[in-house]
Colleague: 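Quick one: the structure is below, questions incoming.
Reminder, nothing fancy here: chain letters follow the sequence lines and each chain counts from 1.
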Protein chains: 2
Amino acid sequence: MHISLQALKAFESAARLGSFKAAATELAITPTAVSHHIANLESRLNTDLFHREVRKITLTPSGEYLSQNATSGFKLIFAAIEQLSQANNQVRITTTSSLAALRIIPALEELNNAKPHLRLDISTSETLDKQLHTLPVRLGNSEEVNKADIIKYERYDMFAANAQQSAPRLDKQVTLYTSQWKNNALPAPPLTQWLKINNLSDSCFKVKTFDQELFGINQVLANKGAVFCSKTLVQPYLDAGLLTSFNNQEVESKLCYYIPEKSRFETSIHKVVIEWLEQLLT
Amino acid sequence: MHISLQALKAFESAARLGSFKAAATELAITPTAVSHHIANLESRLNTDLFHREVRKITLTPSGEYLSQNATSGFKLIFAAIEQLSQANNQVRITTTSSLAALRIIPALEELNNAKPHLRLDISTSETLDKQLHTLPVRLGNSEEVNKADIIKYERYDMFAANAQQSAPRLDKQVTLYTSQWKNNALPAPPLTQWLKINNLSDSCFKVKTFDQELFGINQVLANKGAVFCSKTLVQPYLDAGLLTSFNNQEVESKLCYYIPEKSRFETSIHKVVIEWLEQLLT
DNA sequence: CACTATAAATAAGTTTTACTCAGCTATAAA
DNA sequence: TTTATAGCTGAGTAAAACTTATTTATAGTG
């Protein structure tokens with residue numbers, strides 16, 4: 001007994017819409033074809049699926065049962081196809097608020113001009129949806145993650161608003177913003193090493209922490225103290241002359257941005273986006 | 001973009017089996033056909049679904065995604081079809097242990113001879129599986145259930161083993177088994193009315209209850225006292241001369257056997273079984 | 001009460017598709 | 001090198017899916 005999938009689909013539509021005609025419209029065929037399909041299905045299953053009433057069809061118990069299962073089944077299948085189709089020109093990047101706000105979102109317009117066909121959207125939700133086209137850019141420990149996945153090693157330094165004209169005065173305590181990650185597994189910002197390299201004592205600073213670098217950077221832009229953070233994040237502000245590092249020496253950190261299982265993203269669209277990201281963070 | 005369901009099915013099989021050839025075998029077509037289908041699918045979705053390696057195919061991430069969804073979707077659909085096909089010659093009756101053991105199961109062989117194509121099985125589980133082909137036969141209150149659903153009104157009487165040769169001697173207390181339902185909503189067996197009609201006093205009896213009539217009936221068959229129970233259940237034993245009612249007067253009860261929403265069972269096979277049941281319990 | 005409109009069924013013919021066959025490629029194993 | 005295997009390609013074909021025209025049954029309408 002070989003049942004036809006097209007007949008099943010016709011039945012599913014007709015059952016859902018309650019009409020052969022409506023089903024025919026949905027499937028872009030004639031009502032006659034739907035009628036044929038369903039008659040065929042009924043004879044093969046050896047059971048009635050619809051009661052034929054005047055200008056109206058109603059499901060038999062068997063029809064009801066098959067309809068429910070067919071509808072859920074086809075829904076699953078076509079939703080996946082829909083995803084695949086969209087994946088052809090859509091990429092969603094999920095990443096930290098800071099990287100999104102300070103680097104990616106400001107660069108989006110330029111990307112959009114360069115690749116107008118590409119739909120890129122950004123998500124900073126923690127609950128990473130395992131959508132097909134979602135590209136996660138995470139902050140991680142460069143000693144632990146796969147080297148090939150890393151797109152940017154993080155270097156740290158202290159920055160303050162250029163408006164201050166000079167290095168923060170060390171004769172009175174300067175407020176220094178830095179980060180304390182919610183995720184304990186992440187290496188802390190290398191503040192101690194940086195102080196040592198630059199021959200500074202932590203007594204010079206009143207350290208305040210946020211769980212996201214973004215907040216400290218915003219404080220500093222508002223001319224409130226200094227921030228010890230990843231150079232990657234403030235690069236545009238350095239370039240624009242809004243922030244400066246006052247010739248202190250920057251330090252390496254164990255932190256890096258990486259894309260888990262980067263090599264898995266092999267469709268052309270993903271490659272384009274990854275390449276763009278790598279270039280952006282160079 | 002119109003994607004073919006057959007192509008999808010071919011892809012699903014190939015993905016699940018990891019081979020075009022195996023998929024071809026499963027679908028009873030040639031490997032070439034599978035290859036065509038998948039090439040077609042890939043071009044329509046504009047994405048690769050398989051990596052072609054030597055004598056081996058592996059899924060791309062897109063293929064993996066589609067495969068998982070397609071497999072679940074088709075599984076749902078074909079499981080429903082399987083059910084429907086089976087429903088064509090299979091009926092499961094769920095009912096009380098007593099009715100099953102005393103009336104239905106003993107009659108099964110005869111039914112099987114009369115209708116050899118029919119697969120009937122009996123379930124006494126309380127958790128009624130809402131399978132498509134399950135026919136519930138319940139004990140209910142005839143004043144509450146739909147009249148059209150009733151297949152047998154219950155009449156009650158006292159029965160004892162014929163081996164006793166005479167009515168239970170009333171000069172010493174006779175053990176009388178009767179039922180006390182677990183389900184409080186069910187009317188109790190009409191013992192009081194029966195005693196009244198037959199001018200008997202309950203002091204003549206030592207009443208013991210089981211939650212299923214079957215147990216009391218079995219006691220009596222073992223020549224241990226008398227049972228006050230539904231005539232329907234003991235009819236075969238009366239006919240066989242194993243039990244007798246000693247010319248007491250039977251009484252009506254509110255109890256009845258019924259099939260909820262009987263009219264919904266409209267397939268020929270269900271009708272056959274219902275008719276057989278009604279005849280059996282006449 | 002005829003008349004129109006509607007939803008589906010039926011019959012017959014047409015188009016499309018899914019499929020097969022023959023031949024080809026690449027490669028692993030003998 | 002030879003053989004066997006898994007899949008690909010192209011062309012032709014059988015089967016299916018679909019259409020048009022016609023019919024049936026009936027609800028709604030003037």
Colleague: How many Å lie between CZ on B/Phe20 and C1' on C/dA18, as a whole number?
Modeller: 16 Å

Colleague: Just the rounded figure in Å: distance from C1' of C/dA8 to NE2 of A/His51.
Modeller: 16 Å

Colleague: Considering all heavy atoms of both residues, which atom of B/Ile150 and which atom of B/Lys262 are nearest to each other, and what is their separation?
Modeller: O-NZ, 4.2 Å

Colleague: Does OP1 or OP2 of C/dA7 have a side-chain N or O of A/Arg52 closer than 4.0 Å?
Modeller: no

Colleague: Measure NZ/A/Lys21 against C1'/C/dT6 and give the value in whole Å, please.
Modeller: 7 Å

Colleague: Could you check how far CD of B/Glu53 sits from C1' of C/dA28, rounded to whole Å?
Modeller: 14 Å

Colleague: Between B/Ala39 and A/Asn40, which residue's closest nucleotide on DNA chain D lies nearer the 5′ terminus?
Modeller: B/Ala39

Colleague: Quickly work out the A/Ile57 CD1 to C/dT6 C1' distance and round it to whole Å.
Modeller: 14 Å

Colleague: Work out which heavy atom in B/Val34 is nearest to a heavy atom in B/Ala14; give both atom names and the distance.
Modeller: CG1-CB, 4.4 Å

Colleague: Would you say C/dA8 has OP1 or OP2 under 4.0 Å from some side-chain N or O of A/Ser19?
Modeller: yes

Colleague: Over all heavy atoms of both residues, which pair between B/Ala15 and B/Leu59 is shortest? Give the atoms and the distance, please.
Modeller: CB-CD2, 3.8 Å

Colleague: List the protein contact pattern of nucleotides 18-27 of chain D with one symbol per nucleotide (5' to 3'): B for base contact, S for sugar-phosphate-only contact, - for none; contact means a heavy-atom distance under 4.0 Å.
Modeller: SBBB----BB

Colleague: Look at A/Ser4 and D/dA17 and indicate whether a side-chain polar atom (N or O) is within less than 4.0 Å of OP1 or OP2.
Modeller: yes

Colleague: So, taking the atom named CG in A/Asp48 and the one named CD in A/Glu42, what distance separates them when rounded to the nearest 0.5 Å?
Modeller: 5.0 Å

Colleague: Compare every heavy atom of B/Asn141 with every heavy atom of B/Cys256, then report the nearest pair and how far apart it is.
Modeller: SG-C, 4.2 Å

Colleague: Can you give me the closest heavy-atom contact between B/Leu66 and A/Ile81, atom names plus distance?
Modeller: CD1-CG1, 3.9 Å

Colleague: Rounded to whole Å, please give me the gap between CD1 in B/Ile38 and C1' in D/dA6.
Modeller: 13 Å

Colleague: Between D/dA15 atom C1' and A/Leu5 atom CG, what is the distance in whole Å?
Modeller: 16 Å

Colleague: So which nucleotide does C/dA30 pair with, by the Watson-Crick or G-U wobble rule with both distances under 3.5 Å?
Modeller: D/dT1

Colleague: Could you check how far CD1 of A/Ile3 sits from P of D/dA16, rounded to whole Å?
Modeller: 13 Å

Colleague: I would like to know whether A/Glu275 and A/Lys115 meet salt bridge (charged side-chain N to carboxylate O under 4.0 Å, His left out); could you show each step before the answer?
Modeller: CA-CA 13 Å; A/Glu275 200 171 303; A/Lys115 317 265 180 188; over 6 Å; no

